[in-house]
Amino acid sequence: MLETVGDTMRASIDGKPVAFLQSPGIAHPTKSKVEFGCMGKDGCFDDLNIWSAEPVK
């Protein structure tokens with residue numbers, strides 16, 4: 001899962017956290033895409049879902 005909230009991004013695989021990043025660029029108002037990659041290598045994803053959600057208040 002890749003989750004962005006404000007200027008933070010958190011990634012997890014099979015429910016286990018694998019990465020966390022905080023950067024003003026994440027919350028940029030015109031940010032339109034997220035790319036997956038690792039050192040120029042290709043990869044495959046299985047059972048990929050993408051959705052937009054609002055944080056619980």
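Predicted, not measured: the structure shown is a model, and the values here were computed from it.
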Legend entry - Interatomic spacing from CD1 in Ile26 to CE in Met9 - rounded to 0.5 Å: 4.5 Å
Legend entry - Smallest separation among heavy atoms of Ala27 and Gly6, with atom names: CB-O, 3.2 Å
Inset, instruction - Please list all pairs passing the salt bridge (charged side-chain N to carboxylate O under 4.0 Å, His left out) test where one or both residues lie in residues 9-28, with sequence neighbours left out. - result: Glu3-Arg10
Inset, instruction - Can you sort out the partners of Thr8 under side-chain contact (heavy atoms from CB on, under 4.5 Å), two or more places apart, ordered by chain and number? - result: Val5, Phe20, Gln22
Inset, instruction - Under 4.5 Å between side-chain heavy atoms, chaining through other members, with only Ile, Leu, Val, Met, Phe, Trp and Tyr counted: pull out the rest of the cluster around Ile13, sorted by chain and number. - result: Val18
